[in-house]
Amino acid sequence: MVVETRLFAQSFFSGKLLSNQPLAKLVRRQYRSVHCAMQQKKSLMWFRKGLRLHDNPALLRACQGASHVYPVFVLDPWFLAPDPTAPSPGSKVAGVNRIRFLLQSLENLDANLRQHGSRLLLLHGNPATVIPALLTKWQINELCYEFDTEPYAQSRDAEIKKLASKSGVEVFSPVSHTLFNPVDTIQKNGGTAPLTYQAFCKVIGTPPAPVAAPSQIPSPSEDLNNVEIVAIPTLEDLGYINLDEEFSPHPGGETEALRRLDDSLADQKWVCDFEKPKGDPTAFMKPATTVLSPYLKFGCLSCRLFYQRLQAVYSQSKKYSKPPVSLEGQLLWREFFYTAGYGTQNFDRMQGNPICKQIPWKDDDGLLSAWRDGRTGHPWIDAAMVQLRKWGWMHHLARHAVACYLTRGDLFVYWERGRDVFDRLLIDSDWAINNGNWLWLSASAFFHQYHRIYSPVTFAKKYDPDGRYVKHFLPVLKDMPKQYIYEPWTAPLAVQKKANCIIGVDYPRPIVDHAIANKECRERMGQAYALSKEAGGHPKQEQVDELHDRLEAQFPVVRPESGNAPAPPKRAPRKAVKKGASSPKEEPSGKRQRKLTDYKPAQAKKK
DNA sequence: AGGTCCGTTGCCAAG
DNA sequence: CCTTGGCAACGGACC
């Protein structure tokens with residue numbers, strides 16, 4: 001009784017609650033929560049990310065004082081259903097590797113729950129309708145789930161929270177996917193997300209320690225009130241058949257995550273010497289990084305545990321690398337992008353994004369699909385894209401190289417198109433980090449030195465002069481002599497014949513001449529930046545469109561008539577709104593310039 | 001205001 | 001093999 005009065009008094013004097021809610025409702029809610037605490041609550045632990053038992057504050061809370069805990073995951077067909085029109089196996093939004101990673105993670109979560117006498121309850125459907133229905137069916141008192149900052153999750157969770165609260169269900173959604181709460185960081189920084197890493201590091205402080213795993217997990221009731229629970233499907237169950245491609249060598253799950261963490265941290269010298277930019281992007285049998293990113297993305301591994309274990313290793317050593325290049329620095333980059341993503345309007349778009357440079361990119365499906373499908377004719381770029389499709393993973397610097405190539409380096413295609421490809425195919429694709437890095441690489445935000453362009457020829461050669469990486473992922477080039485491996489179009493025809501790889505037949509000619517293309521890209525970037533400056537940082541859409549037309553006239557694109565050239569481009573949608581001010585068919589006045597895409601490289605380079 | 005320094009990961013030639 | 005400096009030259013932070 002004393003407790004009840006105190007709770008009531010608290011609510012009574014916190015004016016905000018009282019002003020919006022009828023008194024009777026308030027009393028009822030307070031009564032119910034006290035009543036339940038005495039009777040032992042029933043909690044629903046809703047898993048989305050955070051697919052783990054360790055350092056899971058939502059799960060811990062769900063177990064505290066509960067008679068029954070219902071661990072639920074909702075399988076959404078939107079994520080899982082095969083899309084036959086997609087360019088590679090998978091659903092509309094996720095490649096088959098990421099789907100597999102999720103299924104493996106769920107299997108492992110179920111197994112780990114079973115070790116505690118519980119189990120994972122799997123349901124089909126849209127969480128927005130499934131979860132509220134379960135609250136009623138199972139007479140749930142408390143709904144627990146991990147806080148998620150993505151816009152899609154934010155709106156979904158807000159809706160469900162509203163429904164839950166309306167029916168008197170307590171909602172507990174702690175921050176445990178990130179080291180820091182982006183809300184706090186933004187507040188500490190004066191209301192906006194820090195735009196430089198240094199500024200970010202100045203405000204964050206020290207992250208909280210992980211919480212303990214629950215000592216016991218009360219099992220769900222035997223009687224599920226006719227709710228249909230489904231078994232964890234296999235890929236075949238979902239309709240993915242005849243998958244004969246090379247698979248991701250990185251299996252999902254908390255157990256594998258913790259094993260990998262132990263593995264990575266066991267080599268103390270490696271951990272203390274780690275400097276991200278020095279890694280070898282062509283190392284694929286033994287990657288140059290931890291490959292813990294997919295486990296962090298799905299929450300099979302807690303970033304707070306990773307951070308704590310990392311500090312333990314550092315404390316054993318007199319000297320160790322520091323952010324931004326160290327392993328700790330990598331965890332902080334993750335936080336940096338989560339904060340920027342949470343604090344920036346339209347973070348995943350160019351238009352309406354206040355931190356994004358407005359650049360007249362091309363909306364060219366031909367160039368995009370050549371890049372996506374690994375037929376640009378630049379073996380390093382194509383091999384990396386094949387690794388992405390087959391494994392769902394590539395080294396950070398390989399991502400840089402292909403992202404630079406698609407956008408400001410060579411093809412000048414919209415970064416959002418490349419972002420979509422990564423988002424679908426990477427097993428670690430993460431909304432904030434993926435968008436943040438595409439903004440970075442396209443020199444749209446955070447990074448602006450657009451003259452620094454990765455060479456599709458020399459960059460990988462530094463690490464892998466023999467072209468082992470290229471030959472593995474592009475077997476068509478496996479017999480190409482190494483001196484031509486990054487530029488096979490320069491091999492004499494006799495050499496091509498001997499290698500069973502005729503350029504233009506068995507493997508494409510390059511779709512652009514890098515030397516010409518990157519010069520043109522820099523010119524385009526320069527004009528876009530100049531326009532931005534002129535317009536006080538925020539040029540109008542019409543001005544950007546106008547610049548687009550001007551640049552298209554300055555650098556007309558003429559397609560080769562035959563060969564492996566990509567399909568002709570579709571007009572950019574935004575051009576449709578424009579009334580025909582300039583015709584794309586018109587040849588520009590003056591002398592005909594050498595074109596970006598009608599490049600015919602020399603057949604032989606004598607050595 | 002304007003100058004200076006710096007920024008996770010460029011390229012190339014020279015030493 | 002490695003490192004170093006020239007190249008060309010951006011925005012943002014800070015004084």
Side-chain angles (χ1 to χ4, degrees), chain A residues 189-190 192-204 273-283 287-290 293 320-337 339-340 344 353-359 378 380-381 384 394-405 407-410 433 436-466 486-487 513-539:
Chain A
N189 194 53
T192 59
L195 290 182
T196 66
Y197 189 77
Q198 306 291 345
F200 175 80
C201 288
K202 259 185 218 159
V203 297
I204 47 175
D273 289 347
F274 185 90
E275 288 183 35
K276 184 71 156 279
K278 291 192 178 161
D280 176 356
T282 65
T289 54
T290 61
S293 54
Y320 52 91
S321 56
K322 298 276 158 52
V325 295
S326 63
L327 275 179
E328 178 192 359
Q330 305 315 302
L331 278 173
L332 298 182
W333 276 108
R334 179 172 178 272
E335 299 291 316
F336 173 79
F337 286 126
T339 311
T344 307
N353 179 343
I355 67 168
C356 183
K357 279 270 180 301
Q358 303 297 304
I359 295 166
H378 281 117
W380 154 239
I381 300 298
M394 53 177 156
H395 186 274
H396 188 68
L397 288 178
R399 302 181 194 198
H400 274 222
V402 299
C404 180
Y405 186 89
T407 58
R408 66 183 169 84
D410 290 88
I433 299 171
N437 276 306
W438 276 94
L439 283 163
W440 185 295
L441 259 299
S442 63
S444 297
F446 309 117
F447 171 89
H448 301 93
Q449 290 162 285
Y450 59 81
H451 286 272
R452 295 188 182 173
I453 290 171
Y454 292 92
S455 163
V457 173
T458 60
F459 182 69
K461 204 187 260 179
K462 286 191 301 242
Y463 302 95
D464 183 13
D466 296 341
Y486 292 103
E487 300 163 280
D513 175 344
H514 175 67
I516 296 169
N518 95 73
K519 193 158 172 277
E520 181 183 315
C521 284
R522 281 180 293 176
E523 174 66 20
R524 287 174 184 259
M525 290 298 286
Q527 294 202 29
Y529 269 48
L531 171 64
S532 178
K533 199 181 242 176
E534 204 180 296
H538 300 284

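Chain letters run A, B, ... following the sequence lines, proteins first, then strands; residues in each count from 1.
Between the P atom of B:dC11 and the CG atom of A:N518 lies a distance of 10 Å, rounded to the nearest Å. A:Q330 places its CD atom 12 Å from the P atom of B:dT9, with the value rounded to the nearest Å. One atom, CD of A:Q527, and another, C1' of C:dC10, lie 16 Å apart when rounded to the nearest Å.
Residue ring and nucleobase are not stacked for A:Y450 and C:dC10 under a centre distance beneath 5.5 angstrom and an angle between planes beneath 30°.
How far NZ of A:K322 is from CG of A:L332: 13.0 Å, rounded to the nearest 0.5 Å. The CG atom of A:D410 sits 11.0 Å away from atom CD1 of A:I516, with the distance rounded to the nearest 0.5 Å. Going from atom CE of A:M525 over to atom OG1 of A:T407 covers 7.5 Å, rounded to the nearest 0.5 Å.
Across all strands shown, nothing is found opposite B:dT8 as a Watson-Crick or G-U wobble partner with both distances under 3.5 Å. When both distances must be under 3.5 Å, the Watson-Crick or G-U wobble mate of B:dG2 is C:dC15. In this structure, C:dA9 forms no base pair with any nucleotide, since neither Watson-Crick nor G-U wobble geometry is met with both distances under 3.5 Å.
The listed nucleotides are B:dT8, C:dA9, C:dA13; the one nearest the side chain of A:H451 is C:dA9. Here the nucleotide nearest the side chain of A:R452, chosen from B:dC12, B:dG10, B:dT8, is B:dG10. Minimum atom distance to the side chain of A:Q198 is reached by B:dG7, of the listed C:dC14, B:dG7, B:dT9. When the nucleotides B:dC11, B:dG7, C:dG11 are ranked by their closest atom to the side chain of A:H448, C:dG11 comes out on top. The side chain of A:Q449 sits closest to C:dC10 out of C:dC10, B:dT8, B:dT9.
Within 4.0 Å of A:F446, counting heavy atoms only, lies no atom of the nucleic acid at all. A:K462 comes within contact range of the sugar-phosphate backbone alone, with a heavy-atom separation under 4.0 Å but no base atom that close. Residue contacts shown for A:K533 are limited to sugar-phosphate atoms, with no base heavy atom under 4.0 Å away. Within the nucleic acid shown, A:K202 comes within 4.0 Å of sugar-phosphate atoms alone, with no base atom in reach, counting heavy atoms only.
Atom NZ of A:K462 has more than 12 heavy atoms from other residues, nucleotides or ligands within 6.0 Å.
Taking atom P on both C:dC7 and B:dT8, the two are 25 Å apart, rounded to the nearest angstrom. Nucleotides C:dT4 and C:dA8 are separated by 22 Å at their P atoms, to the nearest Å.
Where A:K278 and A:A199 meet DNA chain C, the nucleotide closest to each residue was compared, and A:K278 sits on the side nearer the 5' end.
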Could you go through the side-chain contact (heavy atoms from CB on, under 4.5 Å) check for A:N353 and A:L439 one step at a time?
CA-CA 11 Å; A:N353 179 343; A:L439 283 163; 4.2 Å; yes
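Residue A:T196 places no side-chain N or O under 4.0 Å from the OP1 or OP2 atom of B:dC6.
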